[in-house]
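Accompanying notes for the structure given below.
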Amino acid sequence: MRISIAAVTGILVQGISLAAGLRILQSNDDGWADFYIRHLNDKLRELHHEVVLVAPPNNQSVPTVFYDDPINGPLQDMVGSRLGPCQHNSCEEGGPMNHNQSRPDLNWVNGHPMHAMQYGIESIVPDLWNGTKPELVINGPNKGNVIWPWLQRIPNAITAAYASAHYGIPAISFAYGSRNGNWSSWNTAKRPRNSRTYVGLVARLLGELQETHEAGKGLLPPDTYLNVNFPPLSATCKEVEDFQWVLAGFAPRGFLDPVPAVEWCGKQTLPSEYKTLHSGCYISIALGNATSMAILADIVAQRNLINRLGSILSCLPAEKRQ
Ligand SMILES: *[C@@H]1O[C@H](CO)[C@@H](O)[C@H](O)[C@H]1NC(C)=O
Ligand SMILES: *[C@@H]1O[C@H](CO)[C@@H](O)[C@H](O)[C@H]1NC(C)=O
Ligand SMILES: *[C@@H]1O[C@H](CO)[C@@H](O)[C@H](O)[C@H]1NC(C)=O
Ligand SMILES: *[C@@H]1O[C@H](CO)[C@@H](O)[C@H](O)[C@H]1NC(C)=O
Ligand SMILES: *[C@@H]1O[C@H](CO)[C@@H](O)[C@H](O)[C@H]1NC(C)=O
C-alpha cells in the first residue's frame, strides 16, 4: 500500500516538477564537503531544483581499477565504519554513512563514489522523496579533466554512466582543468574564484536541456550520459559568456584524432575532447554510450542532442594540419 501511494505521488510530482525544477541527485569524487560541489548545490537550490547530495566523505578521485567491469559487474562490499573524521573535519569518526544533522539532503557514504551513487539512488533518495527517483544525476564539478584514456578509470564519469545504464537516470559528469584545482572546504572564507564561472556554466547547460526537454521523455537520450569538460580559466577565458560549447568525441587512438561520428560542422567526425579543450575557450560536450562506457552514443542519440543544444553549440575554428 505504502509503495503504491508513493508511486502515484511520484508520477504527479514528476509532471509538475519539470516546469518548476528537477529532482537532482548530486555526487562527485572530490568529497561531500568539497567547495565546488557545495557551491553548485547552493546554485541548483537557488534555481528551484530539489537536490539530494550523496558523495564520499573524502577525496576519492584517484584513478581506480577497483571494478573490472564498472558498469555491468557487481559492486564490491562497501567500506565499513570511518576510522577518522571526514575531510576538512566535516564529520566525526565512525559510521558507514551519515548526513548533516540540520540538512538531511547532504549525505556521505563511506566507500567508492559508486557506492555513494548506489546508496543514494536505492535508499537515501527514496527515503527523502517518498520513493520517487531522481530525474537527473549531476557529478561534479570535479577537479581534473576526464578524457580518454581516463574515462573508464575516473569515478566521476563511471558513476554517471552507471546511473544511466543501471537505473535509467540521465546523468552528466562535469570536470574542470586541474590547473585551477582548489581543495577548499565547503565553508572556506577564501572562495576559489573559478567556481562561480563553472557553476554558472552548469546552470547554462541545464537551462538549455530543460528548455528543449520533451514532456514524457528523459532529459537525455536513453542509455547515454554526458561527459562535459571545462578548460582551465585564463585572462581571456574566465566569464560564462567567454566560453563556447563544442560537441566532441572520445578519441580512442590518439588525443588529437578526429572521431568518426555524426555529420556536424561540415564533417563526418567530431573533434576529440583533448583537441577541443586545447583550442581556446571551448567546452567539450561528449555524449557517451552508458552501457559500453568507452564508446560514443549512436548517431540517432547524437542527432537528438544536436537538435536540443543547437542554439548553444559552436564549431572549432578550421583545424590546422598537425
Ligand atoms: C585527491 O586525490 C588525487 C588523486 O589521488 C590527488 O592528486 C590529490 O592530491 C588529492 N587531494 C587531496 C587534497 O588529498
Ligand atoms: C551543515 O548544515 C548547516 C546548516 O545549513 C551548516 O551551517 C553547516 O556548515 C553544514 N556542515 C556540513 C559539513 O555540511
Ligand atoms: C513526501 O511526503 C511528505 C509527507 O506527505 C510531503 O511533505 C513531501 O512534500 C513529499 N515529498 C515529495 C518529494 O514528494
Ligand atoms: C582557493 O582559491 C582562493 C581564491 O583564489 C585562495 O585564496 C585559496 O588560498 C585557495 N585555497 C586552496 C586550498 O588552494
Ligand atoms: C550502446 O552500445 C551498444 C553496444 O554496442 C548498442 O547495442 C546500443 O545501441 C548503444 N546505445 C546507444 C544509445 O548508443
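Predicted, not measured: the structure shown is a model, and the values here were computed from it. Positions are given from 1, in the same order as the sequence printed here. Read the numbers this way: they start at 1 and go in the same order the structure lists the ligands and their atoms.
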Any atoms of ligand 2 less than 4.0 Å from a non-hydrogen atom of [X]? List them with their elements.
| X | result |
| --- | --- |
| Arg103 | 2 (O), 5 (O) |
| Ser90 | 13 (C) |
| Asn100 | 1 (C), 2 (O), 3 (C), 8 (C), 10 (C), 11 (N), 12 (C), 14 (O) |
| Ser102 | 2 (O), 3 (C), 4 (C) |

Requested in this report: Hey, could you give me the OG/CD1 distance between Ser284 and Ile147, rounded to the nearest 0.5 Å?
Outcome: 8.0 Å
Report task. Measure up the Tyr198 and Phe230 rings against each other and bin them: parallel (under 30°), tilted (30 to 60°), perpendicular (over 60°). Result -> parallel
Query raised in the report: What do you reckon, does Trp32 have a nitrogen or oxygen under 3.5 Å from a nitrogen or oxygen of ligand 2?
Result: no
**Report entry** Residues that Asn59 engages under side-chain contact (heavy atoms from CB on, under 4.5 Å), provided they are two or more places apart
**Finding:** Asp30, Ser61, Trp183
Query raised in the report: Among side-chain atoms of Asn145 and Asn229, is any donor-acceptor pair under 3.5 angstrom?
Result: yes
**Report entry** Proximal atoms of ligand 1 relative to Asn59 (non-hydrogen, under 4.0 Å)
**Finding:** 1 (C), 2 (O), 3 (C), 8 (C), 10 (C), 11 (N), 12 (C), 14 (O)
Report summary line: Counting from 1 in the order shown, the ligand 1 atoms closer than 4.0 Å to a non-hydrogen atom of Ser61 are 1 (C), 2 (O), 3 (C), 4 (C)
Requested in this report: Would you kindly specify which portion of Gln101 sits under 4.0 Å from ligand 2, judged on non-hydrogen atoms: side chain, backbone, both or neither?
Outcome: neither
Query raised in the report: Between Tyr162 and Tyr225, is the gap from one ring center to the other below 6.0 Å?
Result: no
Requested in this report: Please find out if less than 6.0 Å separates the ring center of Phe255 from that of Tyr274.
Outcome: yes
Does ligand 4 have any N/O pairs with the protein under 3.5 Å, and how far apart?
| unit_1 | atom_1 | unit_2 | atom_2 | d |
| --- | --- | --- | --- | --- |
| ligand 4 | 2 (O) | Asn182 | ND2 | 2.3 |
| ligand 4 | 5 (O) | Arg193 | NH1 | 3.0 |
| ligand 4 | 11 (N) | Asn182 | OD1 | 3.2 |
| ligand 4 | 11 (N) | Asn182 | ND2 | 3.2 |
| ligand 4 | 11 (N) | Ser184 | OG | 3.4 |
| ligand 4 | 14 (O) | Asn182 | ND2 | 3.4 |

Requested in this report: Can you sort out the partners of Asn289 under side chain to side chain donor-acceptor pair (under 3.5 Å), two or more places apart, ordered by chain and number?
Outcome: Thr291, Ser292
Query raised in the report: Do the charged groups of Arg204 and Glu208 touch, with an N to O distance under 4.0 Å?
Result: yes
Requested in this report: Apply salt bridge (charged side-chain N to carboxylate O under 4.0 Å, His left out) to Lys275 and Asp257, showing your working.
Outcome: CA-CA 8 Å; Lys275 167 109 187 178; Asp257 292 346; over 6 Å; no
**Report entry** Any pair counted as side-chain hydrogen bond (donor to acceptor under 3.5 Å, both in side chains), so long as it reaches residues 82-95, sequence neighbours left out
**Finding:** Trp32-Ser90, Arg82-Asn110
